[in-house]
Structures are given as C-alpha cells and as structure tokens.
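So that the names make sense, note that chain A is the first sequence line, chain B the second, and so on, each numbered from 1. The shown structure was predicted, so the numbers you read here are calculated from the model rather than taken from an experiment.
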Amino acid sequence: MTELPKAYDFKEYEEKIYQEWEEKGYFKPTNDPNLPGHDPNIKPFVIVIPPPNVTGALHLGHPLFVTTQDIMIRYHRMKGEPTLWVPGSDHAGIATQLQVENQLRKEGTTREEIGREAFEKRMWEWKEKYGGQITAQLRRLGASCDWTRERFTLDEGLSKAVREAFIQLYEKSLVYQGPRMINWSPGLQTAVSDLEVEYSEEEGRLYYFKYMLADGSGDYLPVATTRPETIPGDTGVAVHPDDQRYQKFIGKKVLVPILGRRVPVVGDEYVTKEFGTGALKITPGHDPHDYEIGQRHQLELINIMNKDATLNENAGPYAGMERFKARKAIWADMEEAGLVIKEEPYLMKVPRSQRGGEVIEPLVSTQWFVKMDSLAAKAAESVQKGEVVFVPERFTKVFLNWMENIQDWCISRQLWWGHRIPVWYCQNCHETIVSREDPTHCPSCGSAELKQDPDVLDTWFSSGLWPFSVFGWPEETPDYCYFYPTSVLETGYDIIFFWVARMIMDGLEFTGKVPFHTVYLHGMVRDDKGQKMSKTKNNVIDPLVLMNEYGTDALRFTLVVGSSPGNDQNVGVKKVEANRNFANKVWNIGRFVIYAIDKVDEPIKTDPIWTLADAWIWARAKQTVNSVTVLFENYQFGEAGRQVYEFLWNDFADWYLEASKRQLAEGGDRAAYTAILLSDVLGLMLRLLHPFTPFVTEALYGYLKKASESNRIIHNKERKWEEHLIVARWPEDMPLEDWEEGIVKDFELTQEIVRSIRNLRSEYKVEPGQAIEAVFVSEQKADFLREQKNLLIDLAGLKEDGFLVFECRLDQGNMTALVVEDIEIFLNLSASGDSEADHERLEKELSEAEIHIERLEKLLSSPFAQKAPANVVEAEREKLAGYKSSAEKLRERLGI
RNA sequence: GGGCGGUUAGCUCAGUUGGUUAGAGCGUUGCGUUGACAUCGCAAAGGUCGUAGGUUCGAGUCCUAUACCACCCACCA
C-alpha cells in the first residue's frame, strides 16, 4: 500500500528527482559519438543554450527560455531520439567587467592600478565564484542539459575557435582595421557597436547663433545646433545648394565662434532647407553625417574630445572641460560676444549606452571592423530559401530587413575581459602580425619586440560561433560531426540581431551550413501591468522567490501556458498560484488512482466490459494524445499544455474519477478494469504533461509504477514501465475508432442531464447530501437511461430506490419538471413547492429553445444547407431536432 | 518616416488550415467538510471579439480603411 500525503510538497521531490535524473545519465544523449556503438546515421535533436551571462542575476526571462527549451528537449528525448542540450555561460564582456570593477572600487583601487594581469586573475576568480550560481539555478528549474558538455565562452577550446574565426575573416579581408566614426562610451571607456546604442527621446534645446563671415562685412550665416560644445570642432558650414537665401555664401569663409578659425561654406544636398535655419555647422569629428559631408568636401577633421568626454587641447579655452559644462560655457561666451540669436526647447533623440546609460559620443577612432555585406547576403539567401525557419514566421521579415540594411560591425572593445585580438605590432618595423599561434618575433624584420593589440573582441563575436564552437570547431571532433548543425535555436526576439543573425552568418561562413533549421522566438516577460520589469520600477519578480513559494512546476507551467510564441506576456503571482493548484490537482488525481489500484486484488474472471464512462474517458484521452502531439510538432506548447490541463481537470478528475468511484466499489472485474483504465489514462497524461511539469509528474510516475507493478491484477508485461518518466516513451498516435464518436455523444448527453439536475438542485437549495427521487420519461432513450442509472444516481445525487424510467407519459403531479432534448425529468424537490417559479423557469427554457429553433430553421433553409459541407449541415440538423423535442416536451409540461 | 504586434468577460490572457450558442485562470455571487484534492467541489452572473466597410452560405479567425496602445528599425542639425 502506498500512502501519499494530501498535498503535493514540491520541496520533497524537486532536488531529489533532479539528482536521480542526472546520476542516471538521462541528460546525456543515448547515441553519444564518443562511445562505442554510436550510429552516425541516427539524427539527433540538439539545442545549444543561449548562454546566460556569468553575472547572471536570474530574472523571469531565464525560466521562460529554460522551460521552453526543456519542453522541446524532453519531448524529443521521450520520442526516443538521441537528444542533447548543451549548457554553458557567456563571459559577457562589459557587463562582467563592470561588476568586478565595482568590487575593486569598494576596495579602493582600480583595474588600472592593479594592472591587466592581476585584473584578469580577479575576473577569473569572480567567474569561478558566481558562474556556478547561474548553473545551479538552471538545475533548479529542471533544465535537463548535459552538464558533462558544459562550456564557457572563454574556455580554451572556444578561445581557439574565436581566434580561428578572426583569422579566417582577416585572411578574406572581411575583418579590417581603420579609423572610422564609431560610438564611444565615455563611461565605459570603450567603443560599442551600433546595436549597443539606444536612442531616448529627451527634452533638449536648439541653439541658434551667428556664423560671422570672415570678410569682416559683418554679415553672418544663422546656424542652429543642439550641441554647441562641438563648435570648436567645426570645420565648415553647409547649406543647400539651391537655397536662395544662402547661395551667395557658398565658397566664402566664415569664422568659428570664439576660436576664430576660418572655415568654408559648402553646398550639400543633405541639408534640409526647412529645418532650423537651413544652415548646418559641420563637425566631421563628432557626427556621423558631418563626417560624410566632410569627406565629400575635403573638410578638415578635428577631434576635440578626450576619451573621458572632456574637451581636449583642440578646443582652445575649453580644454579639460567636461562636455556638458563646455556646452554652457561656450554658449555663455558666445552670448557675450554677441553671436547668440536665440535658443528654444527642442525634443531630441539622445544616443545612450545600452549598458551604462550615459550619452554616447560619436567620434572617429581606429578600431577593428567586420565587413558585413557578403556575410549578410549569404544569410539572407538561406533564410529566403527556407533553410532557416522562424517561429513565429513574422520575424523572418524583421531579420531580412535588417540584413538588407546592415552596417559594418565594430568588434574591438577597450576592455580587459574577453578574447584578446590576435594581432601583434612589431615595435621595430611596424609590421602587423595576425597569427594563430602567439608569435615570438616579427616575420619580416625578426625583431622580438612585439606588442599585442590591447583590445578584446565584442562578446557577441564569440557568441556568434557558439553553435559550433561548443562542439570543438575548428577541429572535426566526433561531437561536431554528429551534433552539428543543431536543430532548434530558442531565444528572445530582442537578440535577433545581436545573436541569431550573427550565428547564421558565422555558421554559413565557417562551417558552410546553417547552424539550426528552426529559430523559435519567445516574447518578453513583463509584470502583471504589462510594464517592463526593472529595478528602478521595483516591479521585478524574482523567479527564485516564486519557486520557493509555489514550486518549479508551477512557475514553468505559468510561463509557457497561456502565452503564445513571440508575444510578450504579463506575469503575476496569482497565475503562478493557480498553477501550483494545478500541480496539486494532478497530485491528487494520482493519489486517487494509486488508492484505486491498491484496492483491487480479486483475480479477473471475465473479459472486460467497459461502461459508458470508461469508453468515453478512453476516447477523450486518445483525442488529447493526438492533439497534443500535433501541437508539439508545431511548437504550440501553450495550447498543448492547456489541453492537457483541461483534460485532466475537467474530464478526468471532475467526471471520470467521480464515475469510477462506484465502479471501484462494485468490486470484482468491474473494479479491476476500472483501476487498469485509471492507471493507463493517468500514465498517458503524465507523459504528455512531463515536459511542462517534470517534477510532479516524475514523482507520481514513481508511485504509479510501484503501485501498478506490485498489483498482481494490474501488473502486466505489456505495460512497460521505465525506471523514470523522463525516459518513458511519448505515446504513439492513437487512431480514433468508429464507435468513439457515438460514445462521446452519449456521455455528453449524460453530462447534460446531470448538469441540468444539479442546476435545479442548486436553484431549489437542496442540500448536496440529500438524495432526491427522479422519474425519467423518454420514448427513445429509456434503455439508455436505465443503463446509466448508477452514473446518474451518483453524479446527480439521486435516490437509488426513487429512480424510475418510463417510455410513456404519465402524470407526475407535483414533481418539478425538467427537459433535456426528448427526455422529461421529474424531480421530487420536496422542499420546494413554488409552482409559479417553476412555471416561469419552464417558460424561459421554452422561449430559449424556440429562439434556437427559429435560428436553425432559418439557417437550414438558407444557401447554407446546399453550400456547407454535409457533416456541418448534419450537425446543425441534429441540434435542431434536439431543440424541437425539448420544446415539444416543454409545451406539454406547460399545457400549451 | 518605415515596419511589426496588440485591442476578446471586472482583471490577465487563450482561441493556426473561416463552420454557426466565443473559452480558461483570477475576481464576484450562492451553496457545500460523503476517504483524491478547501492548493477542493457544485451552481450562477458577466462578452454586439476596438470601429467602419468588404469577401463568403458562414468571419473573433481572411481583405481594406481607421482609432488607440506597445514595440522594433531609421535618426534633420
């Protein structure tokens, strides 16, 4: 006998079960290329994890992606495919370095002070300490990844891949170094890519001032700018060549305010005549557009900014001043010099660092870039050919659109945490050496005085290689040959450009293959009011807190069910609580089934004869299995989970379990077959549910297996029990049989009768415990009603010896009448007696039925009857017949 | 400026080949401790599926227009 506690206590099971899974090696693929007996022809199912940052404070995005991927992994594993989920984490350059720098600051020192080597050592210590946290949290979430294959983006192997990739690109001239306009982050003291800049709409000012002509005429050109502090860097003023107002100035010289430098006025079509004053000051060193205009007109390029966003010696009197202070100072000086026209409020888009939040400074700097157009063209082509499919599909367009407008990618970062750029500069002959091995001396002059480029690569450079670098690329390792390309890439739509696009490009470039055939994109998780979760809004829900309170299964189920791919979702505690209740419901279903199994011990003497309820639940179970499998194949996990939920709670628990109680009480063969059916249906559902809520289902599977196997009636070798549910087989398709449709209809009629009686009981305030007498009158369904006597008695709370069925009409005096299709039901609701209310109720029902009859008759006499498919029309005819017989009986009752 | 998504019950959301009484959870109301479950059960109230057109025998579902909300890309100083 197995006694289960009344409520599911996840704390009892989660950790223990996870350990068992891991110890048994279930997370490792069944067809491991590194082991004997490996068959290279069997196709594996593979996912590489989007590596979380080692800094990783867990947020609700993590449980979402972990659950979604784990669902796919567990599904394919249960289908018997060799399944691999590669875990790992990302060094996350800037983010992690900032953490350690913060730590140093608290200790009163800086990375510059302790030096690069010591700093790197500190970084690694930090990684060792906190890197384990994130993986512990993934385990906590139930992620069934193969931890023996865990990778870190700065591992030796991955570093080798990064270096190889860089060199290959360099050799193809797809990586190049040069001075270009880049986004400089003064706070982080590094260049960042275009993607790492966010534009925020902010209240600024538009400053109008005079650009005095150099000829001393006193004439001036009015100019408007949002950034007066860049005036010292001006090397020209541009007007539209067709602009009648300013044409005469083109070719003349004007004087830069305060500094007095003579700069030319040029005509350029980029200038919008209508905006501002129609004259644009040109600062080629500090504005991307000005840079281009400057190049067109061979204007001088002056850098006036230090790396910390103070002005430099080129800014004359403002040298050393912080940029926003300089803005004010210059403006004040210009006002004094009489150059100011006016200033006005202006809503502008300010570029800010995605990471640090400070204002980004565009400036010209020598950096390393990846030339993107050829890479992007290949990637776009393979997506267009359908070699990579996006789920949901609409993201294909987003992807392609970006690919068509792609810009070169600045990959060098002035940081210390990351993959060092494999480039050395000879201090003697200034040769640039790009090498797979660390060089000892210069190949052209032989000098040993080499200096490595101090910069590291953008974190996303290594991320782009992740789907194959984790398998040992560039080596053709067994893992690489067998597991690559992977199957599905699952991640958030917010990193399509950062990551997904680059993986596709890199995969094609370095391996000649797309790295995965499907990209599944999930939405963002927001709070219950639809707001982005952020620390400043104080609306962050900590997943660990939710897991501690409600259990991992509840959290997983919440995040996946009730949402759809690619759409954002709002998560509140209430939802998690509801799903905790579901886990408990499942537990109690299991508890009942096991209780039923334990009770049965008489040997079976006859062939099984199913009751209506038996046949019905089996048919419904089969429908659910088939439907859920189709949904899984189409990545519709939310709907799949919902259907299992609905079946378990509404069909299995609310109806079948109640129906089974009497069958079990009858004992003998009836009880035995009921217990077997309970066990079988639950067994199916545990499988379907396992990918969503792995812990409670695994726990129950263990008990169910034990109970079923130790029961000499139920134990049967045809029912195969694995040691654990995680490796149990996903149910095969279960073809529906002809008889099932009729059975389902019959049971639905029963449900309708039961509901009607319950409804009336509730209206008449009959105590739930009080059994009532019922007389059924029906010509067509009399036999059926007699057959379902027990079911009706139990579910509707009827009196055993007051249950009568007649084929023909007879007067039921003062009993309360009820009509379901052609069945008249008379209930002895002794407490009542309000015949007037009764009358009203019947009249209401009649008028409802008549409305339907009218509607359906109209429908069936319309072109619908000819044009709609026969089965659809037939279904409507049946409904009409049902309403008609109801109406007829109701009229008789009412004496109309 | 271009693009994408959303608008369904008081709240949060499902609803994928268009099928004719639109679903769930939470909340609300009434009743209820019979050995699976009060983390529960039974019953009830609550929606012209943003608006206006169109296609169709039939539209929450497809098309067009429009309003509002959210997001992405671009970035006229």
Side-chain angles (χ1 to χ4, degrees), chain A residues 4 6-8 199 206-207 223-227 230 238 270-272 274-283 287-290 346 348-349 351 392-395 397-398 401-402 405 493-494 496-497 523-524 526 528-530 532 550 554 558 561-564 566-572 574-575 577-596 631 634 636 638-639 642 645-646 649-650 653-654 657-658 661 754-755 758-763 765-769 797 848 851-852 855-856 859 862-869 871-873 875-876 879:
Chain A
L4 273 62
K6 277 181 97 164
Y8 171 57
Y199 291 84
L206 192 55
Y207 302 85
V223 172
T225 181
T226 55
R227 306 192 57 198
T230 62
Y270 171 78
V271 181
T272 312
E274 294 74 26
F275 188 85
T277 62
L280 175 63
K281 75 185 201 62
I282 306 299
T283 321
D287 182 281
H289 292 292
D290 292 7
Y346 181 64
M348 53 196 273
K349 297 276 180 75
E393 199 205 334
R394 65 173 185 272
F395 288 107
K397 213 172 142 188
V398 177
N401 186 43
W402 191 66
N405 301 297
Y493 65 71
D494 55 330
I496 294 176
F497 306 144
M524 304 294 113
R526 300 165 183 285
D528 54 2
K529 293 183 186 68
K532 249 184 186 166
Y550 301 108
T558 301
V561 177
S563 70
S564 43
N567 290 335
D568 294 354
Q569 59 173 316
N570 304 346
V571 171
K574 284 277 184 193
K575 270 190 194 170
E577 193 183 337
N579 288 318
R580 183 272 317 265
N581 295 352
F582 174 58
N584 188 58
K585 187 75 183 180
V586 175
W587 175 261
N588 273 291
I589 290 170
R591 215 173 144 230
F592 176 80
V593 172
I594 287 157
Y595 159 84
L631 290 165
N634 291 300
Q636 305 280 314
E639 177 63 11
R642 197 192 61 76
Y645 179 105
E646 195 176 85
W649 204 316
N650 300 132
D654 286 352
L657 257 51
E658 292 307 321
K661 284 175 184 171
V754 169
R755 280 199 200 97
R758 282 174 177 173
N759 190 337
L760 213 57
R761 292 179 59 114
S762 181
E763 261 180 57
K765 314 257 188 244
V766 180
E767 296 283 312
E848 270 169 20
I851 287 168
H852 286 298
R855 182 180 61 82
L856 286 166
L859 179 68
S862 75
F864 167 81
Q866 280 78 50
K867 298 219 177 181
N871 58 328
V872 175
V873 178
E876 296 308 313
K879 278 184 209 165

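In terms of the side chain to side chain contact (heavy atoms under 4.5 Å, CB included) criterion, residue partners of A:Phe395 (sequence neighbours excluded) are, by chain and number, A:Phe390, A:Pro392, A:Val398, A:Tyr493, A:Ile496, A:Leu521.
Within 4.0 Å (heavy atoms only), A:Asn579 reaches no atom of the nucleic acid at all. A:Arg394 comes within 4.0 angstrom of sugar-phosphate atoms only, judged by non-hydrogen atoms across all strands, and of no base. A:Glu658 comes within 4.0 angstrom of a base, heavy atoms only. A:Ala583 comes within 4.0 angstrom of nothing in the nucleic acid, heavy atoms only.
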Can you name the atoms? Protein N/O to nucleotides 24-26 of chain B N/O, anything below 3.5 Å, with the distance.
none

Under-3.5 Å N/O pairs linking protein and nucleotides 29-33 of chain B:
residue	atom	partner	partner atom	Å
B:rG30	O2'	A:Lys765	NZ	3.4

Contacts under 3.5 Å, N or O only, protein and nucleotides 56-60 of chain B:
residue	atom	partner	partner atom	Å
B:rC57	OP1	A:Lys867	NZ	2.6

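Taking atom P in both B:rC4 and B:rC73, one finds a spacing of 15 Å when rounded to whole Å. Atom name P, nucleotides B:rA74 and B:rC13: the rounded distance is 28 Å, in whole Å. The same atom, P, is picked in B:rG15 and in B:rU8; the two are 14 Å apart, to the nearest Å. Atom name C1', nucleotides B:rC57 and B:rA14: the rounded distance is 29 Å, in whole Å.
In this structure, A:Arg642 contributes its side chain and A:Val561 its backbone to no donor-acceptor pair below 3.5 Å.
The heavy-atom pair separating A:Lys281 from A:Thr230 by the smallest distance is NZ-OG1, 2.6 Å.
In the set B:rU39, B:rA36, B:rU12, B:rU12 carries the atom at the smallest distance from any side-chain atom of A:Asn570.
Heavy-atom nearest nucleotides on RNA chain B were determined for A:Asn759 and for A:Glu876, and the one closer to the 5' end corresponds to A:Glu876. For the pair A:Trp587 and A:Trp649, both in contact range of RNA chain B, the more 5′-proximal nearest nucleotide belongs to A:Trp587.
Paired runs in RNA chain B that reach 3 or more consecutive Watson-Crick or G-U pairs, where each pair keeps both distances under 3.5 Å, cover B:1-3 with B:71-73, B:5-7 with B:67-69, B:10-13 with B:23-26, B:28-32 with B:40-44, B:50-54 with B:62-66.
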Which parts of nucleotides 68-77 of chain B does protein reach within less than 4.0 Å, heavy atoms only, written one letter per nucleotide 5' to 3' as B for base, S for sugar-phosphate only and - for none? -----SBBBB
